[in-house]
Amino acid sequence: MQAAAEKNMPRNFDFAAVEPRLYDWWQAQGWFKPECAAADAEPYVISMPPPNVTGSLHIGHALFTALEDLMIRYERMRGKAALWLPGTDHAGIATQLQVEKMLRDEGTSREAVGYEEFLHRTWQWKEEQGGTITRQLRRLGASCDWDRERFTLDDGLSNAVIEAFITLWEQGLVYRGPRLVNWSPGLQTAVSDLEVESTEEEVTLYYFRYPVAGGGYLPVATTRPETILGDAAVAVHPDDERYRHLIGARATVPILGREIPVIGDDYVDMEFGAGALKVTPGHDFNDYELGRKHGLERLNILNKDASMNSNAGPYEGLDRYDCRQRLWTDMGAAGLTIKTEPYVTRIPRSQRGGEVVEPMMSTQWYVRIQPLADKAIAAVREGQVKIVPDRFEKVYFHWLENIQDWCISRQLWWGHRIPAWYREKDGDPQGEIYVGREAPAGDGWAMEQDVLDTWFSSGLWPFSTLGWPEDRDDLARYYPTQMMETGHDILFFWVARMIMMGLWFTDKPPFHTVYLHGLVRAEGGAKFSKTLGNAIDPLTVVDELGADPLRFTLITSGTPGNDCHLDETRLDHSFRFVNKIWQMTAFINMNVDGALALGLPPSGELDLPSRWILSRLNRLIGNVQYLFDIHQYGEAGNQILAFMWDEFAPFYLEISKGALYEGDEAQQTATRRALVHLQDCCLRLLHPFMPFLTEEAWRYIPHEGEALIIADWPTADVDAIDDDVEGRMAAYLELVREIRNTRAEFKVDPGRRIRAIARAGAATEGLAENEQILKRLCNVEALELLPLEAEDPPNAANVVVGDMSIYLPLEGMIDIAAERQRLTDDLAKIGAQLARTEKMLGNKKFVERARADVVQRERVRLADLQAARAQIEERIAGLSG
RNA sequence: GGGCGUUUAGCUCAAUUGGCAGAGCAUCCGGUUUACACCCGGAAGGUUAUAAGUUCGAGUCUUAUAGCGCCCACCA
């Protein structure tokens, strides 16, 4: 098999020109599509976590793109029908907020333009902005099947959402009703528990008196005095000797004068605050439960914008915080206040706007989630779905085992409108409810205004994108998917819900493996944010360094599940690695011609360095395979880099110049074939990390096949792994290091060629055959052999590795005293190592119980160290004489 | 209040079933060697947070303590 390589390789990798050219070529050839694999190929599918349709690429997107594209390219090279299905999310709240801001800037508002116009403007905004993020993903090299791109609000997915909703309704798992919800006053919508984030804040704890009928009062403390207006009871602990006699008495709500009962419940903590508890079932989740238990009224005192409503009496119309002040002042005037004190507590805020969320009574749609959760728990428990790293399984179980019904309705305009209709009955405008695809027959039906939580449609993503519930072809071939790669921050929001809904609607887990990555953080662990100004913009990096260094850095900076701290110097290093690979390719390119036969020559025709580097290569391939199998992609990347930069380039490639420039034709050919094979394997291994560079470089070495993107993934040739060869070579390289050290110590001009003399004998025989190693790596002229009985060369430094002893005649540079000192220092080092090894081998238990190869290794080490010590001692004695 | 993660060189991080603690950046010394100065050679830098334990052997496993971080939870 012969293959030509492109000639005239450019001096540097011009990523800016190459990236778009290769991307368009790959895509035009259909290589991003699973159909490019064999017809019977096993599918490998990743549903891309859909970014917000109007979003713009940030470093988190870059991380998931790098990881998922790596997985996809790897599986594609392994011959799988690899499908990476891209798409975007309509992102209800986020997008609506963007459009509302736009309207505000125009001096108008959502309410002013009205429902139809607002939706029109939002779609327009989506059309304008919608392509941005997917264009940016392409710049990173994302090899998605763009023909299958989906959007959560497109017709097919909307159909899936309606189907899912109606099915749940028919199964009795969707219900509508008044409940206490987390209400976002600014957005004027309900939000789910998950969308509320509590942060510790310094607030005021207000102590006051609750007058009790018949005289006296109960002291109560609260952080939200305005909720006094909605109190339905005052509770004390039944064992509280101070107050238990008041249970059953009537208390009077301050200012309003409303009468409420004093109740007893052991929920009350006697030690806390004032000892008695005000109960506001309409505005507090605990009190809601308490109220249910005691049959208390759920009074709502707030309007939708969190101003006070008519139940607040004289305070009607005030904002809740103004009311808090005014009420407290009025209570003070009435002699009902006791004191205030600073207090730290957790304040619930909306994950979106950051505003304080108010628990409020509201009629919403819910999913009865327990049956779905049970299946989702079982699927992970039974191993049908595996979470990497597995510690997140515990978090997953804990959440699902304590899950609350899911509030799925949102009072937004942008989203999937709930397929429900109402008709007036008995004076209630929503007295009759119908759920279905179309409005029912008859007059007077009005469609539900609310839309569904964005995560409802996202939960269907892995199968809705493949055509569910229609068009079963793709669904049959590519579902369930294999990999769900996403951030651990949306384990509950998204992953758990996909598993629940996937199992419920398709009876299959939507994916087999969940790989969770962490957050990308700045140096020192700070969160990346635009306001802090520490954000690394991935597109700027791509402009300046190319996509490959960014991808490589992101992948090699982290481990699964852990946040990674992105260090900008690593970007730089990756960029230089790209150049390194390019230069290695250039060297090979200029040393081979198109007539070279591909593949390796028989092992017998290969010299020791070639057999060594091929052994190392195959060990690397095996390691990389292992690391990919356990999803340790970062470590795999680092090992490939280390192999190329620390072994292949500085040693083998340098040594190969001997054979290439001075060898006979057979040696030249064997070396060329080895070089090409090595570089070919490295480029294949690196392709999933750095697709552009590797594809382009591959063109310049002889290769077989149309493109690297569809080339085969390397497999380790275990027969090529040779411990003996590696051991011998390691000793020679140790010798190289010693000679280089010695040269540096004696300040020998690096350009100066020096002589190297070894005493003849078995120890040096192999070395003499491989004198190219010393010639190329430490600039010696040749290895001269000294007869056994000859005297030591005068004025020579001596380096010793194992049983090999080399003299470096450095006339005029050697100071006998200095040389003796150097050798004595060496001897001390060897002595220390020897002591350690002797101690280990002297330990009977070690010899008996340690693994055989470990013991053997120590024995070899012992022999080498003893030999070296003998050589050096002899040499020191010689110097003295 | 529970749960999880983390603590390794000055900084950012690795270390595959327990087997001589490694990189990058920064520092110091020396180099225009015909693939690469986007480079090459050399050096220095660690009681692996602390304390016990298991083991022939612990960065790795167990327990406790401390710092940092995250998640979950109804003390007003």
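Here is how names work: the chains are called A, B, and so on, in the same order as the sequence lines, proteins then strands, and each is numbered from 1.
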- Message: Taking only the P atom of each, what is the distance from B/rC40 to B/rU34 in whole angstrom?
- Response: 14 Å
- What integer number of Å spans the P atoms of B/rG22 and B/rA15? 14 Å
- Considering just the side-chain nitrogens and oxygens of A/K657, establish if one lies under 4.0 Å of OP1 or OP2 belonging to B/rA35. yes
- Return no unless some side-chain N or O of A/N591 is found under 4.0 Å from OP1 or OP2 of B/rA35. no
- Message: When both hydrogen-bonding distances must be under 3.5 Å and the geometry is Watson-Crick or G-U wobble, what is B/rU34 paired with, if anything?
- Response: none
- Distance test, side-chain N/O of A/S198 to OP1/OP2 of B/rA73, below 4.0 Å: no
- P gap between B/rA23 and B/rU62, integer Å: 29 Å
- Query: Between B/rU32 and B/rU27, how far is it from one C1' atom to the other, in whole Å?
  - Reply: 24 Å
- Item | Donor-acceptor pair present, A/K580 side chain and B/rC36 base, under 3.5 Å | yes
- Do the non-hydrogen side-chain atoms of A/V514 and A/Y396 ever get within less than 4.5 Å of each other? no
- Query: Quantified in whole Å, what is the C1' atom distance between nucleotide B/rG42 and nucleotide B/rU47?
  - Reply: 28 Å
- B/rA76 phosphate, OP1 or OP2: any side-chain N/O from A/Y343 under 4.0 angstrom? yes
- Item | Residue pair A/T671 / A/S656, side-chain donor-acceptor N/O under 3.5 Å | no
- For B/rG22, give its Watson-Crick or G-U wobble partner with both distances under 3.5 Å, or none. B/rC13
- Query: In whole Å, what separates the P atom of B/rU54 from that of B/rC11?
  - Reply: 34 Å
- Distance test, side-chain N/O of A/R743 to OP1/OP2 of B/rA43, below 4.0 Å: no
- Message: Does a side-chain N or O of A/R740 approach OP1 or OP2 of B/rG42 to a distance below 4.0 Å, or not?
- Response: yes
- Item | C1'-based separation of B/rU48 from B/rA21 [nearest Å] | 8 Å
- Message: Checking salt bridge (charged side-chain N to carboxylate O under 4.0 Å, His left out) between A/R349 and each of A/E200, A/E201, A/E358, A/E195, which is the one that passes?
- Response: A/E201
- Task: State, with a plain yes or no, whether a side-chain heavy atom of A/L774 is found less than 4.5 Å away from one of A/V736.
- Result: yes
- Check every strand shown and say whether A/T837 touches a base, only sugar-phosphate, or nothing at a heavy-atom separation below 4.0 Å. nothing
- Query: With both distances under 3.5 angstrom, what nucleotide forms a Watson-Crick or G-U wobble pair with B/rG5?
  - Reply: B/rC68
- Are OP1 or OP2 of B/rC4 and a side-chain N or O of A/Y396 less than 4.0 angstrom apart? no
- Task: Measure the shortest side-chain to side-chain distance between A/V592 and A/L675 over non-hydrogen atoms and say whether it is less than 4.5 angstrom.
- Result: no
- Phosphate OP1/OP2 of B/rA76: any A/T345 side-chain N/O under 4.0 Å: yes
- Message: Quick check on B/rC25: is either OP1 or OP2 less than 4.0 Å from any side-chain nitrogen or oxygen of A/R576?
- Response: yes
- Counterpart base for B/rG53, defined by Watson-Crick or G-U wobble contacts under 3.5 Å: B/rC61
- Task: Please state the P separation for the pair B/rG2 and B/rA73 - nearest whole angstrom.
- Result: 16 Å
- Message: Could you check whether A/F575 and A/F577 have their ring centres less than 6.0 Å apart?
- Response: no
